[in-house]
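Quick note on labels: first sequence line is chain A, next is B, and so on, each numbered from 1.
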Amino acid sequence: MDMHYVEKKWQEKWEKSKLNYFNKKNMDKKFYCLEMFSYPSAAKLHVGHWYNYGPTDSYARFKKMKGYEVFQPMGFDAFGLPAENYAIKTGIHPKDSTEKNIATMETQLKAMGAMFDWSAEIKTCEEDYYKWTQWLFLKLYENGLAYRKEAPVNWCSGCNTVLANEQVIDGKCERCGTVIVKKNLTQWFFKITAYAEELLKDLDGLDWPEKTKAMQRNWIGRSSGGEIEFTCESGDTFKVFTTRADTVFGVSYVVLAPEHPLVKKLCSKEQRAAVDAYLEETSKTDEIDRLSTTREKTGVFIGHYAINPANDKRVPIYIADYVLYSYGTGAVMGVPAHDERDFAFATKYGLPINRVIISGNGDDDLPYCEDGILVNSLGHDGEKSADARKAIINSLAQKGKGAHCINYRLRDWLVSRQRYWGAPIPMVYCDKCGEVPVPVKDLPVKLPYDVEFKPDGKSPLAKSEEFMSTVCPKCGRKARRDPDTLDTFVCSSWYFLRYPDAKNPDEPFDKDVINKMLPVDKYVGGPEHACMHLLYARFITKALRDMGYLNFGEPFKSLTHQGVILGPDGNRMSKSKGNVISPDDYIEQYGSDVFRLYLMFGFSYTEGGPWNDDGIKSVSKFLDRVERLAEKTRAMKGRNTAFGRDEKELNYARNYAILNVNKDLEAFSFNTAVARLMEYVNALYKYDAADDSLKNVKLLKDCVNDLILLLAPFTPHFCEELWSLADGKKSVFLTPYPEADMNALVRDEVEYAVQVNSKMRCKLVLSKDATVDDIRAAALAEPKIAEATEGKNIVNVIIIPNRLINVICK
RNA sequence: GCGGAUGUGGCGGAAUUGGCAGACGCGCCGGCCUUAGGAGCCGGUGUCUACGACGUGUGGGUUCGAGUCCCUUCAUCCGCACCA
């Protein structure tokens, strides 16, 4: 078959008949199948795009043939860093390069032959999309879920600019090699922590991979404990968070995060120089290093003391980089006797190690980090750790010095970016009124085209007077805009809500439409999004639900991650490694159907693996085999309607294939589904090999029809062509997918494996109706079994129905 | 470092979830067909010292029975909050 001709022909016909467009009249049968949208890169579609979109489209086509009204939209996550970096390097404007890239990718995506509903396309960099991203920001602000605070950024003094983590290599700027320091800026945050508990709890009800749920649970990192307030000699107070309040009598020092505001205030004259040097050093260290448990713990005494509220003991205050200001209260109590890290720290700095927990079982090594029984703990001696944790916090609470609390590792979401290519933050700063949100009617706050991207110490937008200069929406005086843009994750945290009503000019989405179309029934994308995008999208959905815009709280009912296709050398594909596989070459040679079928057959979908094209020819040959069979049977004539042993066997093969292809497609197990189809084709060839006069032609033709239907989601153009040649009146995709006839799968006889003491001895064919006693008797009567059990006592016979018999003897 | 995963023939990968390891395919071997075959059709193919034994990264355990469950250890991959 001339694949290129056939593919083009059907793509045009499908487009004309609007086969792939969602029909709103059938909304009650909707199936929302969503693939993560693409970043418009300058390179062409790579294998990863194909691997995500090809097989998932086959799944969507399967669902369509199962009678669902499938909605499968596509769009572009078009804002982001790479376009801006490209602009800095080449002078080509991000808008121009992005639009050009999108146009190329659209053509390629269309040539893939997927059922994308292009009437619902969205591009996040267009005004009619980012207008609503800004709307989302305003709604979160209105509802107290967006706020400003100081937070550190990576600052390169060489380039005079903020860098993404990705641009920092070994603590240095990737462009100029300058050592990066942390610098505090006032930035916008979304209060995702307000939903920490619900985000954790609702994971239980999701049809998501367990590993993804586990990762989110750990990311949210709930821990239950208490806050204890320490008072400094200066009179200032700070709280520490601890899960081990039972050890509070063993505190011999406290540690503040270096960034803690009290550090500068309390630091003594004598210690000033050492503390400043330590702060300088910390600003150059990244978080992964700071949290490393094997790295040597360092810290500096700040020359000030605090009082332990449990026993009024005076303890020194240290700073240490292993305490993060962003986690808990940014301060911890040091209990060297009962914490590995504190033990190492105390040993290094000569701090007292006070034992307050004993094991009770003679294990008296320190540090002792398990629960135990309290000693040296005033009124709490003899209590068990678990009880003491509650009791100690309760008694501290009475003095106003403690409280039970739940802490999360999850941090609020920093959304400000000091960059150009993103959605402007719709806020205005007025000398008189302070921070003022832009009214919704004035959206979008347009991103100006003429700006200077070259890094020179200011955000690109801050340099555009035309952009910055505005009037206060409240008082009408001169005011300034926010010069930052939103994290692109904000754009992608709600795009699935826009698709079903993508062209709505008045609102981000129509409430009624969205509540019928969502949640997404199947979401497919890479596992690298497990913690960030997928968590942000869940948060935004819950927030909008609480504002009354949605009546559901989870955006993605069912989730599947595709694996990663690596280069032939087993490494991630990259230009620098020279191991990039271009789909185009294969599509040129074989067509898109063959390429997609190979992606489905050659890999385990959720695993991926190194690229290897040995199998692509075999997949092409398989389609040739199908085509020859279809051609031959189409011309066949015959009146034989016999239904003998061979016919029964063929019918079994047919229904076995139908049953399993259905199951496997449902489970995204494409490789086994294709294997079942190959087996089926082998069975058809076997039947066809008989003398023509003996064949039941009607049966054979029905079987081949089922084959074309079964295969249609996998190779849509190829099968649409075969179907039309076989007189299919309407599109194969408007024809119901075959359902298995379970009666045809009942076999009269079953083969058993027979073991003696768990060793395979022989096989045994028995009637499906055989009773346990029959099976036992037949097994023992087998010569090989009789031989193996001769002279021994038969202790037991284990029978697993339809599978196995195990004779246990001594 | 922390968190999550993976490890099965020469290769890509299966295994009804604790029940015949290696489905399906590649490769290889053989046969048929053919003027020819890098086409097609049919059959074989885990390893070995081979009527038996051994085999799912390593070492142990649970069980009548383990690729699957538990412990140990090694190796590799992914994420870590400003890449998207």
Interatomic distance where [atom1] belongs to [X] and [atom2] belongs to [N] [whole Å]:
X      : N     : atom1 : atom2 : result
A:E84  : B:C82 : CD    : P     : 16 Å
A:E607 : B:G67 : CD    : C1'   : 14 Å
A:N184 : B:C82 : CG    : P     : 14 Å
A:R676 : B:C24 : CZ    : P     : 8 Å

What's the separation between atom CG in A:N85 and atom CZ in A:R419, rounded to the nearest 0.5 Å?
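With rounding to 0.5 Å, CG (A:N85) is 7.0 Å from CZ (A:R419).
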Is the ring centre of A:F79 less than 6.0 Å from the ring centre of A:Y130?
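Ring centroids of A:F79 and A:Y130 are less than 6.0 Å from each other.
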Between A:S758 and A:N806, is any side-chain donor less than 3.5 angstrom from a side-chain acceptor?
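There is such a pair (donor and acceptor under 3.5 Å, judged by atom type) between the side chains of A:S758 and A:N806.
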Flag for A:R417-A:Q187: side-chain donor and acceptor within less than 3.5 Å:
no
Would you say B:C83 has OP1 or OP2 under 4.0 Å from some side-chain N or O of A:T488?
no
Taking only side-chain nitrogens and oxygens of A:R625, does any of them come within less than 4.0 Å of OP1 or OP2 of B:C41?
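Result: yes.
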As a test of the definition: with a 90° window around 0 for syn, would you call B:U17 syn or anti?
syn
Between [N] and [M], how far apart are the two [atom1] atoms, rounded to whole Å?
N     : M     : atom1 : value
B:G25 : B:G46 : P     : 15 Å
B:U49 : B:A53 : C1'   : 10 Å
B:A21 : B:U56 : P     : 12 Å
B:G1  : B:G12 : P     : 29 Å

May I ask which nucleotide in the shown strands pairs with B:G1, Watson-Crick or G-U wobble, both distances under 3.5 Å?
B:C80
